Amino acid sequence: MANRTKNGPKLPVQQLAILAVARFAEPLALTSVFPYLPEMIASFGVEKDEVARWAGLTGAIFSISQSLTAVFWGRASDKFGRKPTILVGLASTMTCFLIWGMATSLPMAITVRAIMGGGNGNVGIIRTMVAEMVPEKELQPKAFSLMPLVWSIGSVFGPAFGGFFARPAEQYPNVFGRIELFKRFPFLLPNLMACCVFFISFMTGLLFLKETLHSKRHHRDWGLVLGEKLTRPFRARRKSQQHHRRLSFVDDEASAPLVPQSPVSTTEPATPIEEQPVTIKEIFTPQTSLNLLCYTILAFHSVAYDQVLPVFLNYPRLPPEEAHIKLPFKFIGGFGLSSDKIGTLFTIYGVACGLVQFFLFPKLCARFGVLNVYRAACVIFPIIYFLTPYTALLPTAHARYAFLLALLLAKGFVVIVGFPCTTILLTNSATSLRILGTLNGFATTFSGLGRAFGPALTGIVFSWGVGKGYGIAPWWMLGGIGLVGIIPTIFIVEGEGPSRGARNVSREEEEERQSLLREEDLDEDVAVIDSVDEESESGSESERRRETRKRKGYGTLGGEGEVNGESK
């Protein structure tokens, strides 16, 4: 116990890792379509100059549907629990992915994409679970940077699936050329592979993710029961060698027995408070409103950039005499890349971002503060947007790729800094933990609107700019929006966070929790060691463990004649 106090609170690594597996679904759903979406839209018979417009609308419908249902999913998680809501979202998206890969017309593709977005409300719920798992403010930068790290990894796998495995019968005729299914549905294979990942995410969450909603934590979870049975032999061996346990939210609360064995754990004084209805006034305070605005603007221009970039890279590269170049503003042209090469660029981009995310971001926040880091990121975004269209004008392919990759790496860096920063600022602007589910539901709604209208508007402006000869139009529009996004950051004040309410626990209640945890540690370790070692072939090892417990006095109730309440 002393070791816990000395070491201080630590991250609940295991539960955060399980949550990250579930979080992996969102970037996969959003980014895997980027490399092949222009080709998919064109395969429906859409004219080349209109591809950008319909690609933007098809991508936007996902975010529009997600924003319309986000508050519903947030309230559902407040009522039924975080875990079941996440599992429903994973199952829904997995099914839609399979149907999306078999889309044969533009209306079908748009409809499936809409259902996919409406059935996935996991972004805000997962953010809420992270806040409930890690109430300690000093740990928040690293905890909240984990999900953007997962986004970066998903942004690697998503475009890789889409770019490398779209049109498999054409790209790999020796392997898939004779399979009629992939000839009829050329974009099915990457979605089949994505469904496998979704299934793994669903099963991992079902078997091992623990509920964080206070009123549901001590309810029996049959998924955890099954997961415990499946992993008992491995877990028992590990616990027999474990000497210390982490002091954290997950150990104290979420790891409590499924059926509480102590009268202390049956007392849940916070439950009546959590059941009080959340009012709009509690949610939309001045600071939460500012943070929601910043979050929406960031989602608008950041996601729009990622979605219009493949269209720009796929657009044919025009010779100078055909591009009607009148620098610095009037020119058109792209890179003329196919989906597999676009996927390669996104993969390099995602790998580089993922390598630095988890380690660099917490150090920046510790040195400069979350708010200052966020403000700096907001200043860099417009510069990247203004420069992007000029990459197509460089004379050599090496120069074009080098300049583009430099901008992509800079964009990736400020994205993986900007999103966790605004998430931390939004979380710390909340007045209570009980409003986090609904607040993050509204955050998903507003950011979803930004992610919807951003790509849609940018696609329309891209088509207009190509027609008028101004290829800079969508990029400079995004740069202007990025400049507007700097303004509300001036008025943001970093809050203390909703965890301050969680700290107002009586000393007696905290002592009871610590006492209960000590009893659980001892009973659980002793029971597991006995059950496994007595069933194993090593009987001598079991005997040595019993003698060790006797000498230390574990569980002794009545002196030497009784151990654990039983006669020798």
Side-chain angles (χ1 to χ4, degrees), residues 12 15-16 18-19 22-23 25-26 65-93 117-135 140 143-144 147 205-206 209-221 223-224 249-250 253-254 256 268-285 288-289 291-292 295 423-424 426-448 495 497-502 504-505:
Q15 283 297 298
L16 285 175
I18 295 169
L19 203 59
R23 178 69 174 92
E26 172 70 12
S65 299
Q66 192 176 56
S67 67
L68 292 176
T69 59
V71 176
F72 163 77
W73 288 118
R75 292 189 180 276
S77 74
D78 287 338
K79 183 176 182 180
F80 302 107
R82 318 296 187 204
K83 178 176 176 176
T85 312
I86 287 176
L87 294 179
V88 170
L90 289 172
S92 171
T93 309
N120 185 350
N122 289 355
V123 181
I125 301 170
I126 290 175
R127 191 183 303 121
T128 301
M129 292 190 75
V130 173
E132 290 171 335
M133 287 180 181
V134 188
Q140 286 181 341
F144 280 103
M147 297 309 151
L206 176 66
L209 184 61
K210 296 175 182 177
E211 182 61 63
T212 60
L213 184 63
H214 192 285
S215 60
K216 302 291 183 181
R217 282 178 210 158
H218 302 293
H219 290 195
R220 190 170 184 84
D221 187 329
L224 287 180
F249 171 85
V250 174
E253 296 290 348
E268 299 182 5
T271 301
I273 299 176
E274 290 178 357
E275 291 177 351
Q276 294 176 2
V278 177
T279 63
I280 295 297
K281 186 177 180 180
E282 287 181 282
I283 297 172
F284 293 104
T285 64
T288 57
S289 299
N291 280 286
L292 286 171
Y295 192 32
T423 300
I424 292 172
L426 177 63
T427 299
N428 289 338
S429 69
T431 56
S432 171
L433 279 171
R434 72 188 184 88
I435 73 169
L436 268 183
T438 305
L439 176 61
N440 281 317
F442 277 108
T444 304
T445 295
F446 293 128
S447 67
S499 58
R500 66 182 180 270
N504 296 329
V505 182

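None of these values were measured; they are calculated from a predicted model. All values below were derived from every heavy atom in this structure, side-chain atoms included, with hydrogens, water molecules and symmetry-related copies excluded.
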What heavy-atom pair brings [X] and [Y] nearest, and what distance separates the two atoms?
X: S77; Y: R82; result: OG-NH1, 3.0 Å
X: L206; Y: K83; result: O-NZ, 2.9 Å
X: T285; Y: K281; result: CG2-O, 3.9 Å
X: P84; Y: E211; result: CD-OE1, 3.6 Å
X: Y295; Y: R127; result: OH-NH2, 2.5 Å
X: A443; Y: L426; result: CB-CD2, 3.6 Å

Looking only at atom types and distance, does a side-chain atom of [X] sit under 3.5 Å from a main-chain N or O of [Y], one as donor and one as acceptor?
X: T288; Y: I283; result: yes
X: W73; Y: I86; result: no
X: T69; Y: G118; result: yes
X: S92; Y: V88; result: no

Return the [atom1] to [atom2] distance between [X] and [Y], rounded to the nearest 0.5 Å.
X: I126; Y: T85; atom1: CD1; atom2: OG1; result: 11.0 Å
X: T427; Y: L439; atom1: OG1; atom2: CG; result: 7.5 Å
X: L209; Y: L16; atom1: CG; atom2: CG; result: 10.0 Å
X: K79; Y: L213; atom1: NZ; atom2: CG; result: 12.5 Å

Requested in this report: Check the pair Q15 / M133 against side chain to side chain contact (heavy atoms under 4.5 Å, CB included), numbers first and verdict last.
Outcome: CA-CA 8 Å; Q15 283 297 298; M133 287 180 181; 3.7 Å; yes
